[in-house]
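Below: one structure, written as structure tokens.
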Amino acid sequence: MILRLLLALNFFPSIQVAENKILVKQSPMLVVNDNEVNLSCKYTYNLFSKEFRASLYKGADSAVEVCAVNGNHSHPLQSTNKEFNCTVKVGNETVTFYLQDLYVNQTDIYFCKLEVLYPPPYIDNEKSNGTIIHVKEKHLCPSPRSPESSKPFWALVVVNGILVFYSLLVTVALSNCWMKTKRNRMLQSDYMNMTPRRPGPTRRHYQPYAPARDFAAYRS
């Protein structure tokens, strides 16, 4: 009888420890191809009508808190680390963390944590094995353009062509006006340079006087 009591007393604390701890189940690994992932944390505890705090930690030592939610099932209040884009959805026994815009350098192991704050006693979960989130580098491939997406491009080409055409017309018209103006200025300059000249005194050429010869005298 005494032996049975001793065994019962030894077994009772172990039951208390098991009841004061919550087990959590996480996926061992998640591969991210499109920079977003959903991490579900399944607990062996019903969160309905309880005040709790559910959080997600990054790193083997859980040094970085990614995001958390406080309150109760109907009025949760969320807080998020500025380096992450995180949204939390709370169910009766599941807390899902929606991570978006993940980067390659955020590849790490992530741990779920649940703390029941009210009613007492305070209860939290046993640390799980965590989930390795592997973020792959996203390579963007050029997608073929659809006819609808090419319409704005062709409209822009037509508008630019019209503008270039009108620019050429304006340039040619201005060039013609400039050439005509330059030609008129040259004609006016030539006309102003053609001033009438006063005729100078003319010299008269006098032939020297020579006496007429008498050819009859030589004949005689």
Side-chain angles (χ1 to χ4, degrees), residues 1-140:
M1 185 69 180
I2 296 175
L3 181 60
R4 289 180 180 180
L5 290 175
L6 292 174
L7 290 174
L9 290 174
N10 291 332
F11 182 68
F12 183 76
S14 63
I15 295 177
Q16 286 293 107
V17 173
E19 288 181 352
N20 290 338
K21 289 294 181 181
I22 304 171
L23 300 180
V24 57
K25 183 179 180 182
Q26 298 179 224
S27 299
M29 185 173 184
L30 295 174
V31 179
V32 182
N33 292 315
D34 53 356
N35 300 101
E36 60 182 23
V37 69
N38 301 334
L39 176 57
S40 295
C41 307
K42 298 180 180 180
Y43 299 98
T44 58
Y45 193 86
N46 195 329
L47 299 176
F48 187 75
S49 71
K50 302 289 193 305
E51 291 188 6
F52 59 90
R53 186 177 194 274
S55 52
L56 181 66
Y57 289 89
K58 173 181 175 291
D61 54 352
S62 301
V64 179
E65 183 179 271
V66 177
C67 57
V69 60
N70 298 274
N72 52 42
H73 189 274
S74 58
H75 296 89
L77 299 176
Q78 181 178 328
S79 60
T80 305
N81 190 317
K82 62 180 181 179
E83 296 182 358
F84 290 87
N85 184 2
C86 178
T87 306
V88 187
K89 183 179 180 180
V90 180
N92 288 337
E93 297 181 356
T94 305
V95 178
T96 304
F97 297 91
Y98 297 90
L99 301 175
Q100 298 177 338
D101 303 328
L102 291 172
Y103 297 98
V104 177
N105 59 0
Q106 291 174 332
T107 297
D108 210 326
I109 186 168
Y110 291 77
F111 295 94
C112 301
K113 184 175 179 60
L114 177 65
E115 301 169 271
V116 178
L117 307 177
Y118 187 85
Y122 171 85
I123 308 173
D124 62 351
N125 65 279
E126 292 280 356
K127 189 172 183 179
S128 66
N129 294 329
T131 300
I132 297 176
I133 297 180
H134 176 50
V135 184
K136 288 189 175 181
E137 186 175 1
K138 189 174 182 180
H139 299 282
L140 298 176

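Remember, it's a predicted structure, so these values are computed and weren't measured experimentally.
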Who are the side-chain contact (heavy atoms from CB on, under 4.5 Å) partners of E83, not counting sequence neighbours? N81
Sorted by chain and residue number, the side-chain contact (heavy atoms from CB on, under 4.5 Å) partners of L77 (sequence neighbours excluded) come out as none
Not counting sequence neighbours, which residues clear side chain to side chain donor-acceptor pair (under 3.5 Å) with [X]? List them please.
X: E93; value: none
X: S79; value: none
X: S49; value: none

Rounded to the nearest 0.5 Å, what's the gap from [atom1] on [X] to [atom2] on [Y]? Could you check?
X: S62; Y: K127; atom1: OG; atom2: NZ; answer: 4.0 Å
X: F111; Y: L39; atom1: CZ; atom2: CG; answer: 11.0 Å
X: Y110; Y: S128; atom1: OH; atom2: OG; answer: 14.5 Å
X: E115; Y: D124; atom1: CD; atom2: CG; answer: 6.0 Å
X: I109; Y: H134; atom1: CD1; atom2: NE2; answer: 14.5 Å
X: L23; Y: K42; atom1: CG; atom2: NZ; answer: 14.5 Å

In this structure, which one of [options] forms a side chain to side chain contact (heavy atoms under 4.5 Å, CB included) with [X]?
X: K136; options: V32, V31, T107; answer: V31
X: Y43; options: T94, N92, V95; answer: V95
X: V24; options: T44, L114, N125; answer: N125

May I have all residue pairs that pass disulfide (SG to SG under 2.5 Å) and include part of residues 86-116, sequence neighbours excluded?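 Sorted pair list: C41-C112, C67-C86.
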Donor-acceptor check, side chain of N85 to backbone of Q100, threshold 3.5 angstrom: yes or no?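 Between the backbone of Q100 and the side chain of N85 there is no qualifying donor-acceptor contact (under 3.5 Å).
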Short side-chain to backbone donor-acceptor contact, S27 and M29, under 3.5 Å: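 A pair under 3.5 Å: no.
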Testing the basics here: between [X] and [Y], what is the closest heavy-atom pair and its distance to 0.1 Å?
X: N35; Y: L102; value: ND2-O, 2.7 Å
X: D108; Y: A60; value: OD1-N, 4.4 Å
X: S55; Y: Y57; value: OG-CE1, 3.0 Å
X: V90; Y: L47; value: CG1-CD1, 4.2 Å

Going through the distances and angles, do E36 and Y98 end up as a side chain to side chain donor-acceptor pair (under 3.5 Å)? CA-CA 7 Å; E36 60 182 23; Y98 297 90; over 6 Å; no
Quick one: does Y122's side chain get under 4.5 Å of L117's, heavy atoms only?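 Yes, at least one pair of side-chain atoms sits under 4.5 Å.
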Non-hydrogen side-chain atoms of L56 and L99 separated by less than 4.5 Å: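 Yes. Closest side-chain heavy atoms under 4.5 Å.
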Between I123 and Y45, is a side chain to side chain contact (heavy atoms under 4.5 Å, CB included) present by the stated rule, with each step listed? CA-CA 10 Å; I123 308 173; Y45 193 86; 4.2 Å; yes
T131 side chain to Q26 side chain, donor-acceptor N/O pair below 3.5 angstrom: yes
For K50, I'd like to know if atom NZ has over 12 heavy atoms of other residues, nucleotides or ligands within 6.0 Å. yes
Would you say K25 has more than 12 foreign heavy atoms packed within less than 6.0 Å of its NZ?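 No, NZ of K25 has 12 or fewer neighbouring heavy atoms, counting only those of other groups under 6.0 Å.
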